[in-house]
Amino acid sequence: MTSADAAAIFEKIALLMELKGENPFKIRAYRSGAEIVESYAGDIMKMAEANELSGIKGLGEALRDKLHELATTGHLSFYENLKSEFPDGIFELFEIQGLGPKGIKQIYAELGVGSTAELKSAIEDGLVAKLAGFGEKKAAKILEGIAFREAHASEFRLEQVMPVVEQVLEILRAHPGVSRAEVCGSYRRGKETVHDLDFLVATKHPENVIEGFVSMPMVIQVIAKGSTKASVHVAQGLQCDLRAVASSEFPFALNYFTGSKEHNVAMRQRALSRGWTLNEYALSQIEGREGTAIPEIEDEPDLYRALGLDWPEPELRENTGEIEAAEKGQLPYLIKLENLRGVFHNHTTASDGKATLAEMAEAAQELGFQYLGIADHSKSSFQANGLDATRLRRQIETIRELNQTFGSDFRIFAGSEVDILKDGSLDFDDDLLAELDYVVASVHSVFNLPEAEMTQRIIRAIENPHVTMLGHLTGRLLAQRPSYAVNIPTVIDAAAETGTLIELNASPWRLDMDWRWWKLAKERGVKCSINPDAHSVHGLKDVVFGIRSARKGWLTREDVVNCLTLDEVTTLIAKKRLKS
DNA sequence: GCCGTTTTCGGCCCGACTGTTTTCAGTCG
């Protein structure tokens, strides 16, 4: 039982209690308990086992006891009892947009609907629309929600799969028969979501390695098992495939299984033009054709070199110009995690964050950052306990005081994540915005505007000289909620014209603005700010996801303002408002 | 269910939008 497992159980208890119409504050206690358990810096399960949990704010007696039971026995009778009152499929229903706990409770009580599939047929049979409080439109909206969910059901976000990748690689590399192991596929290419995970090993004893792979502790089901490949399911239905090849084949297999398909096609064409043929095992002479001698190939760079190319980072391999750039020696020198010197857009307990200003500052320094931007929510974001003018002014003052305690090598920037209101005006007046070091402007409400109106709304906001950067441009939540309608190229042009930065929100739920647009933004001269949108100390580390997306968008350290030094970035965030 | 405490129970997060209503409940952020 890991802390993540325990947190998931608390979260499910909260859902089931919503169904039962329990006291909302009790529900909230479980939900916040889940977050505390998940993000606790330390081995909370070990502490729970030893009954050493007292003093953690938000974990009272009841939750401490339940954690102790989970840590010692591996299950929780309270949860088992609660769960037995509903069918297993009931949890799926919470993932459907437009349907909440009251609705789920009603369709279960009156129609016996306890899964997405049953709900779908009940709607199609016209049963849901007839229920009191429902109607044709609501039923149709729920059906849309189901369709979106189904279309994205096999998509996994990076924060879901990254721990699996690390564990599997660790197991494979520890295997005595394995000389090389790598993850391939869209994960290696840095895609924002993945459907499955592809692993590759070099070994002389494939059967042994395959056997080790299918008997890993996280394996729930073995789908296929042969002498050179196997497929398994791990938690949440995530599929992991393994390919075992000889060491001499490894570079070719690594290249082939990394893809993308389009990139591979281009590679094979290049091989053909040299009289060679390329597959997942080798580069070889085409029989009966005169070709130049094939050089020795031990790793991927050798393979690219043989084809007259520089080695493109996996993130670039989408056949969107990387082959041409590799040929001309013009591949970008992609940004790396260690280039980041600070982050903007983070939250504290002042709004909906879980850590205090001081805790966030300490964590940022531990990560080696020179600066930390705080941008708590503004007053219209009630749900997030947004700050009003008085509280924000007090926070600015606290930040200024705290800054006195740091040396010249660290600074907190006082900012705000200001809501862009429906008409494109901002949640604070210009006088207050002028007191801040910087401003992130984001849309958090009225997502259903027509595209032209939404685009204008955002452009009006970034035309404000105090708006330093535009937060999560499309509002999407990966695999859960689509982007609102907005014309991205038009917004990019406006950002270029007004000298506004665009954020790459590094939360694995968002990765917004999407990597596909950064090349265009770069061409227009728009700079990027990679921000974790951290709501806890732990959340600061989400920058790793943002870095992957930035690399996929061809960004270098010159394109990302958080790579600037403290002095440089201080000048930069003041630039736009000075110009006006 | 947690917190703070005038150590025993009251307070804890609010508003817009939608679709259903005929004055409001559910959902979302």
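Note on naming: letters A, B, ... go to the chains in the order of the sequence lines (proteins, then strands), and numbering restarts at 1 for each one.
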Compute both the distance and the angle, then confirm whether A:Arg510 meets the cation-pi test with A:Phe545: under 6.0 Å from the six-membered ring centre, within 45 degrees of the axis.
no
Between C1' of B:dG1 and CD1 of A:Ile9, the distance in whole Å:
18 Å
For A:Leu63, which contact category applies under a 4.0 Å heavy-atom criterion: base, sugar-phosphate, or nothing?
sugar-phosphate
Spacing of the P atoms in B:dC9 and B:dC13 (rounded, Å)
22 Å
Interatomic distance at P, B:dT23 relative to B:dC12, whole Å:
30 Å
Report the residues that fulfil ring-ring contact (aromatic ring centres under 6.0 Å, His included) with A:Tyr438, sequence neighbours left out, ordered by chain and then residue number.
A:Phe344
In whole angstroms, how far is the C1' atom of B:dA16 from the OH atom of A:Tyr484?
17 Å
Using atom C1' of each nucleotide, how far apart are B:dT8 and B:dC2 to the nearest Å?
14 Å
Taking only the P atom of each, what is the distance from B:dT18 to B:dT5 in whole angstrom?
43 Å
Between P of B:dG1 and NZ of A:Lys66, the distance in whole Å
5 Å
Interatomic distance, A:Ile142 atom CD1 to A:Leu99 atom CG [nearest 0.5 angstrom]
4.5 Å
Determine yes or no for a side-chain-to-main-chain donor-acceptor pair under 3.5 angstrom, with A:Asp427 supplying the side chain and A:Ser380 the backbone.
yes
Start at the 5' end of DNA chain B and walk down; is the nucleotide closest to A:Arg64 or to A:Val443 reached first?
A:Arg64
Determine the contact category for A:Gly98: base if any of its heavy atoms lies under 4.0 Å from a base atom, sugar-phosphate if only primed atoms, P, OP1 or OP2 are that close, otherwise nothing.
sugar-phosphate
In terms of base orientation, is B:dT7 syn or anti, with the syn window spanning 90° either side of 0?
syn
Is NZ or CZ of A:Lys12 both nearer than 6.0 Å to the six-membered ring centre of A:Phe91 and within 45° of the ring axis?
yes
Going by distance alone, is a donor N or O of one side chain under 3.5 Å from an acceptor N or O of the other, for A:Glu52 and A:His68?
no
Would you check if the side chain of A:Asn505 reaches a backbone N or O of A:Ser507 as a donor-acceptor pair within less than 3.5 Å?
yes
Nucleic acid footprint by protein, nucleotides 18-26 of chain B - heavy-atom cut-off 4.0 Å, B for base, S for sugar-phosphate alone:
SSS-----S
Separation of B:dC28 atom C1' from A:Gln97 atom CD, nearest Å, is 8 Å
With a 3.5 Å limit on both atom pairs, tell me what B:dG26 is paired to, counting Watson-Crick and G-U wobble, or say none.
B:dC17
Provide the distance between the two P atoms, one in B:dG15 and one in B:dT6, to the nearest whole Å.
30 Å
Judged by modelled atom types alone, do A:Thr490 and A:Asp493 share a side-chain donor-acceptor pair under 3.5 Å?
no
Taking B:dT20 as the reference, what is the distance to B:dG26 when you measure between their C1' atoms (whole Å, please)?
10 Å
Using the C1' atoms only, state how far B:dC17 lies from B:dT21, rounded to an integer number of Å.
15 Å
From NZ of A:Lys379 across to C1' of B:dA16 the rounded distance in Å is 16 Å
Give the rounded distance in Å between these two atoms: CG of A:Leu421 and P of B:dC17.
11 Å
Nucleotide B:dT8, atom P - distance to CD of A:Glu61 in whole Å
18 Å
Can you tell me the distance, in whole Å, between the CH2 atom of A:Trp509 and the P atom of B:dC28?
13 Å
Please list, for nucleotides 12-15 of chain B, all pairs of protein and nucleotide N/O atoms separated by less than 3.5 Å.
from, atom 1, to, atom 2, distance (Å)
B:dC13, OP1, A:Arg28, NH1, 2.6
B:dC13, O2, A:Phe382, O, 3.0
B:dC13, O2, A:Gln383, O, 3.4
B:dC13, N3, A:Gln383, O, 3.1

A:Glu417 and A:His347: side-chain donor and acceptor closer than 3.5 Å?
yes
Any cation-pi pair here, A:Lys105 with A:Tyr108, using under 6.0 Å and within 45°?
no
